[in-house]
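Note sheet for the following structure.
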Amino acid sequence: MTRKTEASLLETVRSLSRESVIVVRGRVKAEGKAPRGYEIIPSQVEVLDRAAQPLPLDPTGKVDAELDTRLDSRFMDLRRPVSLAVFRVESAVMQSLRSYFYESGFLEVCTPKIVATATEGGTALFPISYFEREAFLNQSPQLYKQILMAAGMDRVFEIGPIFRAEEHDTRRHLNEAISVDVEVSFADHNQVMEVRENAVSRAYQFVADRCQRELELLNVDLQVPRVPFRRVTYTEALDLAREAGNTTMKWGDDIDTETERAVGNLVGEHYFLTDWPSSIKPYYTQPYDDRPEVSKGFDLMHPRMELASGAERVHDYNLLVERIKKQGLNPDGFEFYLRAFRYGMPPHAGWGLGLGRVVLTMLNLDNIRDAVLFPRDRRRLVP
RNA sequence: GUCCGGAUAGUGUAGAGGCCUAUCAUGAAGCCCUGUCGAGGCUUCGACCCGGGUUCGACUCCCGGUCCGGGCGCCA
């Protein structure tokens, strides 16, 4: 290397701003003093793109940035290894879930996210303008998964977005989320609970095997939950919370945050909350034959929060119509859905799992926004 | 929605009526030093969210707004 080329190289390197994109050509040389044990003796340095200054946050992690600052400049935030690690883990979780479903004979499906009416009742939907009509963003693939059961697609799964226009403002809610949804024909609630605990346990194992560097960066000592997960009935959960003096709930109330947390602390690991009162579960949840006030609905719980809900579904047309009416909804609005129940609908069961919450609880993150690349909440619509 | 807390250089922070010409770190510019480190040293640059009020004097206190964080609610 001549002195002249060395001088021009030095000038190029000296003039570089931090985070500029370059190509270095040169000889790789072992060097004990270098941080990674080798150095590149450059013969050519090419500047592909010069980074502007100052940077919106410090990508080396030397100086912290608040979540809001990080989300405003997510592209820069993700250059921090700890931030990127979360999404490497998320990708591994999705890979594990997909491979598990494919191995188990599931079909992956895509259901529409633009829907005609607020058919499911209850939760608030985002209205959108659809040519000359009003339409909505779907809050769940629920009805479409069930229609596919009538189509003979006996085992389906979907990983896709769901939208909820609720004005909640917490560390565990977003207005757009990714839902992992499963529906299985000729299965009851117990069988799909097994699918779910296996899916979650395998995802943990996959991450433990494949993401050691990420877990280390994130300072997570990952415990793979063992199957079967504990089953706790709604009634037992209430009793547990009462004994601990941590609830004011009555049987039939929806479980509040305080009770949920109390039971989570007592159980201390993933568990299923089963046998919910029929009155607080949606119309498509199958009641027990011998005690219709109790349903075959279940939630998958992490000690910190709910991860997923599911149920054996009502497959009898008449019962379904009756339950829709009982919940104060108009069956006319459900015609596209109810039609699928008239010409031979197998019994079926399924569930939906919040991907962000799985990652959040797996990595013990503080805020769901940390587990989503570009989160959408009450106030944040960009980036 | 509601309650509590907060907003200071690009980023993260200290300061709680006059000690503020506002602290420290990081960063940027420059100089010096140096086979390795998040290198080091010195110099310089860069900030009090907005509007009103109280006061001789407001970054600091009061009122309103905006935005942020947390709890609860809502989340079939």
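Reminder, nothing fancy here: chain letters follow the sequence lines and each chain counts from 1. This is a predicted model, so every value here is computed, not measured.
Evaluation of atom-type donor-acceptor distances gives a pair under 3.5 Å for the side chain of A:Tyr284 against the base of B:A76.
With distances taken from any side-chain atom of A:Gln139 to the nucleotides B:A76, B:A28, B:C68, the minimum falls on B:A76. For A:Thr257, taking side-chain heavy atoms from C-beta onward, the closest of the listed nucleotides B:G73, B:A76, B:U26 is B:G73. For A:Gln142, the side-chain atoms get nearest to B:A76 when compared with the rest of B:G12, B:A76, B:G71. Listed candidates were B:C74, B:G73, B:C68. Nearest to the side chain of A:Glu66 is B:C68. Closest to the side chain of A:Val63, out of B:C74, B:C68, B:A25, is B:A25. For A:Arg171, whose side chain is taken as the heavy atoms from C-beta onward, the closest listed nucleotide among B:A76, B:G70, B:C74 is B:G70. Taking only side-chain atoms of A:His168, from C-beta outward, the nucleotide of B:G12, B:G71, B:C74 with the closest atom is B:C74.
B:G27 is paired with B:C45 under the criterion used here, namely a Watson-Crick or G-U wobble arrangement in which both key atom distances are under 3.5 Å. The nucleotide B:C61 finds its pairing partner in B:G53, both defining distances of the Watson-Crick or G-U wobble pair being shorter than 3.5 Å. Both distances falling under 3.5 Å, in either a Watson-Crick or a G-U wobble arrangement, place B:C67 opposite B:G6. Applying the Watson-Crick and G-U wobble criteria (two distances, each under 3.5 Å), B:U21 pairs with nothing in any strand. A 3.5 Å limit on both hydrogen-bonding distances identifies no Watson-Crick or G-U partner for B:A14. Across all strands shown, B:G40 pairs with B:C32; the Watson-Crick or G-U wobble distances both stay below 3.5 Å. Look at B:C75: it lacks any Watson-Crick or wobble partner with both distances under 3.5 angstrom.
In this model, a donor atom of one side chain and an acceptor atom of the other lie less than 3.5 Å apart for A:Thr111 and A:Glu158. At a cut-off of 3.5 Å, with distance as the only test, no side-chain donor of A:Ser91 or A:Arg88 sits close to an acceptor on the other residue. The closest side-chain donor-acceptor pair between A:Tyr102 and A:Glu108 falls under 3.5 angstrom. A donor-acceptor contact closer than 3.5 angstrom links the side chains of A:Gln146 and A:Gln142.
In this structure, the CD atom of A:Gln327 is 11 Å from the P atom of B:A76, given to the nearest Å. In this structure, A:Asp377 atom CG and B:C75 atom P are separated by 19 Å, rounded to whole Å. Going from atom CG of A:Leu307 over to atom C1' of B:C75 covers 15 Å, rounded to whole Å. The separation between A:Leu125 atom CG and B:C74 atom C1' is 15 Å, rounded to whole Å. Spacing between atom CD of A:Gln53 and atom P of B:G30 amounts to 12 Å, rounded to whole angstrom units. If you measure from atom NZ of A:Lys145 to atom C1' of B:A76, you get 14 Å, rounded to the nearest angstrom. Rounded to whole Å, the distance from CG on A:Asp68 to P on B:G10 is 16 Å. Atom CE of A:Met305 is separated from atom P of B:C72 by 11 Å (rounded to the nearest Å).
Residue A:Arg164 places at least one side-chain N or O closer than 4.0 Å to OP1 or OP2 of B:A76. For B:G69, neither phosphate oxygen OP1 nor OP2 lies less than 4.0 angstrom from any side-chain nitrogen or oxygen of A:Arg378. Remark: A:Ser17 is not in phosphate contact with B:A28, judged by side-chain N or O atoms under 4.0 Å from OP1 or OP2. At the phosphate of B:G70, OP1 or OP2 sits under 4.0 Å from a side-chain N or O atom of A:Asn367.
Geometrically, A:Lys296 engages A:Tyr288 in a cation-pi contact defined by less than 6.0 Å to the ring centre and at most 45° from the axis.
Checked against ring pair (Phe, Tyr, Trp, His ring centres under 6.0 Å), A:Trp351 has no partners two or more places apart in sequence or in another chain. Remark: A:His270 engages no residue in a side-chain hydrogen bond (donor to acceptor under 3.5 Å, both in side chains) (not counting sequence neighbours).
Nearest-nucleotide assignment on RNA chain B puts the 5′-proximal partner with A:Asp64, out of A:Asp64 and A:Leu16. In this structure, A:Asp256 and A:Pro56 both approach RNA chain B, and ranking their closest nucleotides by distance from the 5' end singles out A:Pro56.
Nucleic acid contact class of A:Arg261 (heavy atoms, under 4.0 Å, all strands): sugar-phosphate only.
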